[in-house]
Protein chains: 2
Amino acid sequence: MSKATINSVAKYAGVSKKTVSRVLNEEPNVSSATREKVQQAFKDLDYRPNPIARGLAHNRSFIIGCLYDNPSKSYITRVQTGALSACHDKSYNLLIHPCELRGQALLDNIDALIRRTRLDGLVLTPPFSDQPDLLAFLKNKSIPYARVAPGELEDDSISIRSNDEQAAFEITELLISLGHTDIAFIKGHPDHSSTTLRFSGYLKALEKNNIEFKPELVDEGNFSYHSGEDSARKILNLKVRPSAVFASNDYMAAAVLKVASQLTLKVPEQLSIAGFDNAPIARHIWPGLTTIAQPVEKMTYIAINKLIEQFTSQEEALPIHKETLEAQLINRESTGRFSE
Amino acid sequence: MSKATINSVAKYAGVSKKTVSRVLNEEPNVSSATREKVQQAFKDLDYRPNPIARGLAHNRSFIIGCLYDNPSKSYITRVQTGALSACHDKSYNLLIHPCELRGQALLDNIDALIRRTRLDGLVLTPPFSDQPDLLAFLKNKSIPYARVAPGELEDDSISIRSNDEQAAFEITELLISLGHTDIAFIKGHPDHSSTTLRFSGYLKALEKNNIEFKPELVDEGNFSYHSGEDSARKILNLKVRPSAVFASNDYMAAAVLKVASQLTLKVPEQLSIAGFDNAPIARHIWPGLTTIAQPVEKMTYIAINKLIEQFTSQEEALPIHKETLEAQLINRESTGRFSE
DNA sequence: AAATGACATGACACCGGTGTCAGAATGGGG
DNA sequence: CCCCATTCTGACACCGGTGTCATGTCATTT
């Protein structure tokens with residue numbers, strides 16, 4: 001069972017294998033009588049074409065690779081969900097490939113990946129979306145790729161992002177509207193473009209509201225919980241303690257909450273905390289974190305969808321798809337007015 | 001570039017493609033002079049064999065599928081890490097396939113997956129590891145599979161697990177050794193075999209220490225944070241409140257901590273909390289959770305490794321690999337003596 | 001020196017599809 | 001009724017490897 005090949009179908013239907021192939025691929029110039037005969041054979045024999053043979057004939061693998069190097073498991077999972085969904089819709093397979101950004105080995109690593117798997121295209125997630133070396137390398141190798149959440153849209157490739165700067169601006173304004181003026185900021189990892197964008201949104205909100213920027217309220221983290229802990233200790237032990245902290249992601253925000261608890265600071269009465277990403281931890285701690293939800297699955301879905309469309313399309317000059325999606329502010333319990 | 005095929009290598013080395021194939025596969029009966037000529041050609045032409053063509057010839061896809069339906073992103077990521085590592089070592093590709101346990105659609109879903117991808121084998125993670133329908137279906141289809149963390153080892157398939165019952169026993173004894181006697185228990189999802197095992201370990205520890213089992217201290221959750229919250233509210237509002245709660249996983253334990261915070265119970269002074277799994281959240285909340293660390297990556301690695309070995313081996317009767325790995329108790333701040 | 005066997009090599013078909021092209025069937029106009 | 005254009009169909013080579021088997025080469029045995 002399940003041994004039906006194109007030859008057995010052809011024999012069963014009394015036609016040539018080429019004709020079966022035509023029906024399979026919905027090519028024109030097949031009489032409806034023949035078409036029906038063949039389709040009946042498909043059903044009777046429970047036939048599914050062999051994607052490997054098809055791949056060999058087409059010199060295609062029907063594989064999309066997904067590159068990531070991200071400490072957040074929930075982010076990765078969301079990327080995967082969107083990617084799987086797009087691949088499924090287009091009958092492609094998804095190959096996940098976690099790897100480290102740093103090190104000369106990166107390009108060799110990717111090279112080996114490409115040659116080993118013969119993948120048809122790549123989706124780059126942060127921080128790879130903004131790695132000039134990598135982009136140049138892929139272009140050179142003629143590997144089609146799409147970028148998720150890149151910082152710059154200049155590159156002539158498919159790019160889908162959400163507006164990090166605007167979202168950071170909004171959440172900062174939320175804190176300001178609650179009466180906060182000393183708002184600390186914990187930066188993310190310098191390799192990620194979102195680090196710059198989120199910081200920029202914070203600065204713009206201060207500026208717009210005529211609040212003086214105080215460099216001592218800014219500390220550099222790297223998106224990890226641990227780095228958030230270090231930054232929080234510095235910030236919360238300042239002589240003039242800020243009344244609010246905006247951390248560039250939820251893990252660091254959760255770390256701020258931990259340090260605040262250890263210092264017996266009440267959140268949000270004595271300290272407001274805002275995060276970014278709407279990671280599961282944002283609602284798994286108490287009080288829940290006010291944060292920004294990005295449509296990660298959707299971004300990845302669109303990226304892969306457009307990517308496949310592009311290299312599948314007959315037209316050489318399909319316009320390069322660029323899109324910026326909306327992020328959404330989620331207001332939870334970790335932010336409020338200062339009340340002591 | 002990168003266009004070298006077996007034909008071009010053969011021509012370059014002045015031998016037949018079959019001989020090139022022999023060198024590739026390290027078959028015997030190739031003179032060392034010829035072998036070196038061919039290997040030099042590999043280098044000169046920068047040749048890599050095409051896995052798709054190889055797959056077609058062998059009727060193999062070199063793809064291992066990984067099935068999961070698990071709410072814990074960190075668990076999934078750890079499974080993937082182990083799986084990727086094993087696949088990489090054996091030059092296989094990993095295809096991840098999240099899907100829902102419930103519903104008649106499951107078998108159809110898996111069937112479609114198999115036919116679409118022609119995968120060579122499957123790794124089952126909980127709760128699929130203990131799904132009799134699925135196991136029977138795969139056996140019927142002659143799809144090789146390996147089970148990660150199954151409840152029962154009876155099935156004649158590769159099975160790698162850690163000792164959940166023993167670990168639950170130990171963590172319960174830890175609580176007992178701290179002086180607790182009223183220890184509540186929150187069960188996991190009934191579809192997961194670990195739910196039964198962990199509960200059983202809890203019961204055995206009570207029994208061994210001559211502590212009376214009180215049914216009202218046990219509540220049924222489903223491994224989700226939300227279910228843990230519900231159970232925690234019930235348990236912590238009992239007339240006679242227990243002094244410790246052992247939740248079947250860390251998400252539910254984190255929810256207990258949240259409810260305790262809302263009730264202004266001090267942890268661990270007024271309430272000890274223990275979890276299971278050593279999920280990231282266990283160290284991202286304060287106080288950190290005492291819990292059990294399982295070698296998830298290693299289990300998955302071994303499972304896939306043995307799976308590939310099995311269906312690659314010439315010997316028909318390779319013994320079925322079964323292994324039970326050690327879990328480890330991690331002692332953090334959420335457990336201690338009752339002190340009020 | 002002839003027979004024998006172990007080792008080395010290549011010709012060829014095959015895996016299951018697709019592209020090319022030539023030839024057969026069909027249909028409409030003169 | 002014939003001719004030609006259009007539509008349909010199949011023979012065949014090909015994608016890039018692997019399996020089978022026949023043949024060639026050499027050293028060893030008798």
Side-chain angles (χ1 to χ4, degrees), chain A residues 1-39 41-42 45-63 91 114-120 312 314, chain B residues 1-39 41-42 45-63 91 114-120 312 314:
Chain A
M1 48 175 56
S2 109
K3 291 214 164 193
T5 71
I6 198 166
N7 285 298
S8 59
V9 172
K11 200 169 292 175
Y12 183 92
V15 299
S16 74
K17 51 191 256 197
K18 180 61 205 180
T19 299
V20 176
S21 168
R22 288 200 179 89
V23 175
L24 255 185
N25 296 290
E26 298 177 336
E27 288 175 25
N29 302 341
V30 179
S31 74
S32 55
T34 307
R35 185 182 308 277
E36 275 168 34
K37 251 194 316 184
V38 174
Q39 280 167 340
F42 287 166
L45 302 178
D46 195 16
Y47 168 75
R48 287 318 128 84
N50 182 329
I52 298 181
R54 218 197 269 239
L56 181 58
H58 276 141
N59 197 22
R60 292 246 210 97
S61 62
F62 298 98
I63 289 177
S91 294
I114 293 169
R115 314 191 62 150
R116 189 163 44 82
T117 65
R118 307 276 162 135
L119 46 78
D120 294 335
T312 305
Q314 316 300 352
Chain B
M1 50 175 56
S2 109
K3 289 213 163 189
T5 70
I6 197 165
N7 286 297
S8 58
V9 172
K11 201 169 291 173
Y12 183 92
V15 299
S16 74
K17 52 191 253 193
K18 181 59 206 182
T19 298
V20 175
S21 168
R22 287 200 180 91
V23 175
L24 255 185
N25 296 289
E26 300 178 333
E27 288 175 25
N29 300 342
V30 179
S31 74
S32 54
T34 307
R35 184 182 308 277
E36 275 167 33
K37 253 193 315 185
V38 174
Q39 280 166 341
F42 287 166
L45 302 179
D46 196 17
Y47 168 77
R48 288 314 129 85
N50 183 329
I52 299 180
R54 218 196 268 240
L56 181 59
H58 276 141
N59 196 24
R60 290 248 208 96
S61 61
F62 297 99
I63 289 176
S91 295
I114 293 169
R115 314 190 61 147
R116 188 162 44 78
T117 65
R118 307 277 165 133
L119 46 77
D120 294 336
T312 306
Q314 315 301 352

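Quick caveat: nothing in here was measured; it's all calculated off a predicted structure.
Atom NZ of B:K37 is separated from atom C1' of C:dG10 by 13 Å (rounded to the nearest Å). Between A:N7 atom CG and C:dG16 atom P there is a gap of 8 Å when expressed in whole angstrom units. To the nearest angstrom, C1' of D:dC15 lies 12 Å from CZ of A:R118. Computed from coordinates, the B:F62 CZ to D:dG16 P distance equals 17 Å when rounded to whole Å. Residue A:K11 contributes atom NZ, which lies 12 Å from atom P of C:dG16 at whole-angstrom precision. Rounded to an integer number of Å, the gap from CZ of B:R35 to C1' of C:dC7 is 12 Å. As a whole-Å value, the separation of B:L56 CG from C:dC14 P is 14 Å. Here the C1' atom of nucleotide C:dG17 and the CD1 atom of A:I52 are 12 Å apart, to the nearest Å.
In terms of phosphate contacts, B:N29 brings no side-chain nitrogen or oxygen within less than 4.0 Å of OP1 or OP2 of C:dC7. Neither OP1 nor OP2 of D:dG16 sits under 4.0 Å from any side-chain N or O of B:R54. An OP1 or OP2 oxygen of D:dT9 is reached within less than 4.0 angstrom by a side-chain nitrogen or oxygen of A:T34. Side-chain nitrogen and oxygen atoms of B:T19 include none within less than 4.0 Å of the OP1 or OP2 phosphate oxygen of C:dT9. Residue A:S31 places at least one side-chain N or O closer than 4.0 Å to OP1 or OP2 of D:dT9. Proximity of B:N50 to the phosphate of D:dG16: no side-chain N or O atom is located under 4.0 Å from OP1 or OP2.
Rounded to the nearest 0.5 angstrom, A:K11 NZ and A:L45 CG are separated by 11.5 Å. Note that the NZ atom of B:K18 and the CG atom of B:L24 stand 10.0 Å from one another [nearest 0.5 Å]. With rounding to the nearest 0.5 angstrom, the CZ atom of B:R48 is 11.0 Å from the CZ atom of A:R116. The CG atom of A:D120 sits 11.0 Å away from atom NE2 of A:H58, with the distance rounded to the nearest 0.5 Å.
B:N50 has its side chain out of reach of B:T5: every pair of non-hydrogen atoms, C-beta onward, lies at least 4.5 Å apart. By the 4.5 Å heavy-atom criterion applied to side chains, A:V20 and A:Y12 are not counted as neighbours. Taking 4.5 Å as the limit, every side-chain heavy atom of A:T34 sits out of range of all side-chain heavy atoms of A:R22. Side-chain contact check for A:F62 versus B:I52: every heavy-atom pair is 4.5 Å or farther apart. Residues B:T117 and B:S61 form no side-chain contact, since every pair of their non-hydrogen atoms from C-beta on lies 4.5 Å or further apart.
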What pairs of nitrogen or oxygen atoms, one from the protein and one from nucleotides 19-21 of chain C, lie under 3.5 Å apart?
| unit_1 | atom_1 | unit_2 | atom_2 | d |
| --- | --- | --- | --- | --- |
| C:dG19 | N7 | A:K18 | NZ | 2.9 |

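The residue among B:S32 and B:A53 whose nearest nucleotide of DNA chain C is located toward the 5' end is B:S32.
Looking at B:N25, its side chain never comes within 3.5 Å of a backbone N or O of B:E27 through a donor-acceptor pair.
If you check every strand for non-hydrogen atoms under 4.0 Å, B:V20 touches nothing.
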Exercise for the section: Report the secondary structure of DNA chain C in dot-bracket form, marking unpaired bases with a dot and bases paired to a different strand with |, and treating Watson-Crick or G-U pairs with both distances under 3.5 Å as paired. Expected result: ||||||||||||||||||||||||||||||
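Listed candidates were D:dG10, C:dG16, D:dG17. Nearest to the side chain of A:V15 is D:dG10.
A donor N or O paired with an acceptor N or O is found under 3.5 Å between the base of D:dG17 and the side-chain atoms of B:K17.
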